[in-house]
Amino acid sequence: MAIAVNEDGYREVLGAAEGMKEDKASWVNFFQWLKGRGLDGMKLIVGDKCLGTQEAVGEVFPDAKYQRCTVHFYRNVFSVVPRSKVKLVAKMLKAIHAQESKKAAREKAKAAVAQLKEMKLKEAAKKVEDSVEDTLTYCDFPYEHWTRIRTNNVLERLNREIRRRTRVVGTFPDGNSALMLVCARLRHVAGTQWGNKKYMNMKHLEATLEDVSMAG
């Protein structure tokens, strides 16, 4: 799944896909469909590193950066960590993304890799070493936005809400009935939550872009 964030106020989650065939071609088609519906001015796309996602972003939205969801990154590392050591490793990983700059986060990541190797967790160390850079893209954006753009939790919460409501119904007469319920919920959320307020204050981003322009 992915969240697309544009330059017009980060007002809503603009694109998401779940359960689709996960390869570059399917993501390219999905992004082009969003683009055809008017999605433009992309600055950042946050996703969970589905197969082909990053390549598709580069092809359809060449000016957008890609941020791997930190929560999904943690889960991927935990998959090769003994249960007894998950809490300790979680603290190490969260410390990386608690730093005040990308440089500091990279240094923290190096220390975490070294510690994981000392703990004989070589697979976990490799996952951090190979993938942590994709989780630090948020550092290129205003500090005030960091907690909003380093995960796709907003979409995860919506998916959980949809699953909760479909479970209450239990069995649907057909696929269209399920689709109608899901679409009704999405319209409600878009109209009452995402549509009524900006996801972030874009004055911070505008100031950052202005500073970059003046420096260039």
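Side-chain contact annotation: N29 with S26, donor-acceptor N/O pair under 3.5 Å absent.
Of the possible donor and acceptor atoms, none in the side chain of N76 sits under 3.5 Å from a partner among the backbone N and O of H72. A donor-acceptor distance shorter than 3.5 angstrom exists from the side chain of Q99 to the backbone of A95, with no hydrogens or angles considered. A donor-acceptor distance shorter than 3.5 angstrom exists from the side chain of Q67 to the backbone of T135, with no hydrogens or angles considered. Between the side chain of K35 and the main chain of V60, a donor-acceptor pair closer than 3.5 Å is present.
Across every non-hydrogen atom of L44 and A64, the tightest pair is N-CB, 4.2 Å. Across all their heavy atoms, P62 and E59 have their closest contact at CD-O, 4.1 Å. Minimum interatomic distance between C139 and S101 (heavy atoms only, all atoms of both residues): SG-C, 4.4 Å. Residues W27 and A56 come closest through the heavy atom pair CB-CB, 3.5 Å.
One finds the CD1 atom of I45 at 10.5 Å from the CD atom of Q54 (value rounded to the nearest 0.5 Å). Residue K122 holds its NZ atom at 13.0 Å from CD of E129, rounded to the nearest 0.5 Å. In this structure, the separation between CG on D48 and OG1 on T151 is 11.0 Å, given to the nearest 0.5 Å. Taking OG1 of T70 as the start and CG of N152 as the end, the distance is 9.0 Å to the nearest 0.5 Å. In this structure, CG on L39 lies 4.5 Å from CZ on F61, to the nearest 0.5 angstrom. Note: F141 CZ to R148 CZ = 16.0 Å, rounded to the nearest 0.5 Å.
The 12-atom threshold is exceeded at CZ of R164, counting heavy atoms of other residues, nucleotides or ligands nearer than 6.0 Å. In the displayed structure, K103 atom NZ is contacted under 6.0 Å by at most 12 heavy atoms of other residues, nucleotides or ligands. Atom CD of E123 sits in a sparse spot, with 12 or fewer heavy atoms from other residues, nucleotides or ligands closer than 6.0 Å. For Y143, the OH atom counts as loosely surrounded, since its 6.0 Å shell holds 12 or fewer non-hydrogen atoms of other residues, nucleotides or ligands.
Using a 4.5 Å heavy-atom cutoff, the side chains of L181 and R185 are not in contact. At a threshold of 4.5 Å between non-hydrogen side-chain atoms, the residues L88 and M119 count as touching. Looking at L93 and F78, their side chains come closer than 4.5 Å, going by heavy atoms from C-beta outward. In this structure, K91 and K87 have side chains that are not in contact, with every pair of non-hydrogen atoms separated by 4.5 Å or more. Side-chain contact check for V128 versus F73: some heavy-atom pair is nearer than 4.5 Å. The shortest distance between side-chain heavy atoms of T137 and Y66 does not fall below 4.5 Å. With a 4.5 Å cut-off on side-chain heavy atoms, K108 and H97 do not count as touching. Using a 4.5 Å cut-off on side-chain heavy atoms (C-beta onward), F31 and M42 make no contact.
There is no path of hydrophobic side-chain contacts, each under 4.5 Å, that joins M180 to I162. L116 and V80 are not part of a single hydrophobic cluster, where members link through side-chain heavy atoms under 4.5 Å apart. Both I96 and V86 are assigned to one and the same hydrophobic cluster, defined by single-linkage of ILVMFWY side chains at heavy-atom distances under 4.5 Å.
A cation-pi geometry, defined here as NZ or CZ lying under 6.0 Å from the six-membered ring centre and within 45° of its normal, holds between R150 and Y138.
Put simply, the residue from K65, R68, K127, K49 that forms a salt bridge (Lys or Arg N to Asp or Glu O under 4.0 Å) with D134 is K49.
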